Amino acid sequence: MSGGGQAALTELWQQRWPRCPPVGYKLRDPYRDVWVRFHSLPESKRYAEDESEYAVVLERYNTVLDELFAGADVYVITPLWTSEVEVPPRQSVVGYWQSLLVEDDPDPEFRTYCHLFATRRPWSRGCIDESLRDIADDKVAGILITDTHMRRIHHPYDGGADVFLATPEDRDRMRERHADWLSSHPSGL
């Protein structure tokens, strides 16, 4: 990503999501009015144990992703978490977007940086299944998938996905379509 592309992406994020950096777990609190969480397996089971359960996990992820992004390009934003301010040299710089100090600490050894990489690609069902399966197994975390105007965000995690929509009404419609995938907990977690 060129310097101009990095700046444009940052500006777009700041216009649409100004109360939060592009870090998935930080989005829910400031944007509760457009947030819904879907669980990946029946009865809020967290991890798949066999291929039939992995099929359910991927079906749920892809159903929501299709509703959000079918026929459009998306950004797949991938974090690299380190204690170093610099992007590690072994990491490819292709798609580098920005670095954030996520956890500050007086002791530099305990600071946490999130280096973000954004890749634009056409959305098609199944195109990121390998990553989604790694997320479901808690091998990878923090990925965001967003439309190129950053109006909608899908943040998959091990156990489900947090989805952020453009309006509370959009959120309510999606929540109603997939009511069986919601948590029974009053907070929606």
Side-chain angles (χ1 to χ4, degrees), residues 9 12-50 52-79 116 118 120-189:
L9 200 57
L12 187 58
W13 181 272
Q14 290 172 347
Q15 287 173 1
R16 181 62 184 103
W17 307 98
R19 298 182 307 230
C20 184
V23 177
Y25 73 89
K26 292 181 173 268
L27 282 163
R28 187 179 67 241
D29 287 338
Y31 294 104
R32 278 194 179 275
D33 62 327
V34 294
W35 165 77
V36 61
R37 173 171 282 183
F38 295 114
H39 287 177
S40 296
L41 289 166
E43 300 175 17
S44 299
K45 183 176 178 180
R46 190 145 192 165
Y47 296 104
E49 294 178 19
D50 58 37
S52 67
E53 288 184 338
Y54 279 111
V56 172
V57 169
L58 292 174
E59 175 65 24
R60 288 186 181 191
Y61 280 147
N62 279 296
T63 296
V64 173
L65 286 161
D66 277 351
E67 288 179 27
L68 295 171
F69 309 125
D73 280 5
V74 296
Y75 288 116
V76 178
I77 302 168
T78 307
L116 297 171
R120 184 175 175 153
R121 64 170 304 140
W123 173 256
S124 63
R125 185 179 195 87
C127 69
I128 60 169
D129 277 1
E130 185 177 333
S131 293
L132 292 172
R133 189 167 171 139
D134 284 346
I135 291 164
D137 286 337
D138 199 22
K139 294 178 183 174
V140 175
I143 290 177
L144 301 175
I145 302 107
T146 179
D147 62 286
T148 57
H149 298 290
M150 293 194 173
R151 292 179 302 233
R152 298 172 306 279
I153 299 171
H154 185 275
H155 171 54
Y157 68 93
D158 59 315
D162 288 335
V163 179
F164 301 87
L165 292 120
T167 67
E169 296 78 21
D170 290 343
R171 184 253 347 248
D172 292 346
R173 283 189 291 275
M174 181 166 275
R175 179 189 285 155
E176 289 168 12
R177 281 193 302 275
H178 306 293
D180 292 345
W181 302 351
L182 299 172
S183 169
S184 59
H185 192 278
S187 70
L189 295 174

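For clarity, every value in this text was computed on a predicted model and none was experimentally measured.
Looking at Ile143, Val140, Val23 one by one, the single match for side chain to side chain contact (heavy atoms under 4.5 Å, CB included) with Pro79 turns out to be Ile143. Across Thr148, Leu65, Ile145, a single residue satisfies side chain to side chain contact (heavy atoms under 4.5 Å, CB included) together with Val74, and that is Ile145.
Of the inter-residue distances, the one linking Arg173 atom CZ with Asp170 atom CG reads 4.5 Å to the nearest 0.5 angstrom. For the atom pair OG1 of Thr167 and CZ of Arg171, the computed distance is 8.5 Å after rounding to the nearest 0.5 Å. Summarising the geometry, atom CE belonging to Met150 is positioned 3.5 Å from atom CG belonging to Leu9; distances are rounded to the nearest 0.5 Å.
Nearest heavy atoms, Arg37 versus Tyr157: CD-OH, 3.2 Å. Closest of all the heavy-atom pairs between Trp35 and Arg175 is O-NH2, 3.7 Å. Here the closest heavy-atom approach between residue Tyr31 and residue Cys20 is recorded as CE1-CB, 3.9 Å. Here the closest non-hydrogen pair linking Asn62 and Gly126 is OD1-N, 3.1 Å. Taking all atoms of both residues into account, the shortest heavy-atom contact from Arg152 to Ala166 is CG-N, 4.4 Å. Between Cys127 and Arg121 the shortest heavy-atom distance is CB-NH2, 3.4 Å.
Annotation: side chain of Leu58 is in contact with side chain of Leu132 (closest heavy-atom distance under 4.5 Å). In this structure the side chain of Tyr75 never reaches within 4.5 angstrom of the side chain of Leu144, judged on heavy atoms. Inter-residue side-chain proximity for Leu41 and Tyr47 is flagged as unmet; no heavy-atom pair is nearer than 4.5 Å. Contact annotation: the side chain of His154 approaches that of Val64 to within less than 4.5 Å [non-hydrogen atoms, C-beta and beyond]. When side chains are defined from C-beta on, Pro156 does not count as touching Arg60, because their heavy atoms never get closer than 4.5 Å. Side-chain contact check for Leu68 versus Leu165: some heavy-atom pair is nearer than 4.5 Å. Put simply, the side chain of Trp17 reaches to within 4.5 Å of the side chain of Ile153, judged on heavy atoms. Side-chain contact between Arg46 and Asp158: present, with at least one pair of heavy atoms (C-beta onward) separated by less than 4.5 Å.
In this structure, His178 and Trp181 have parallel ring planes: the angle between them is below the 30° cut-off, well short of the 60° mark.
When only modelled atom types and interatomic distance are considered, Thr63 and Glu67 share no side-chain donor-acceptor pair under 3.5 Å. Between the side chains of Tyr54 and Asp137, at least one donor-acceptor pair of N or O atoms lies under 3.5 Å.
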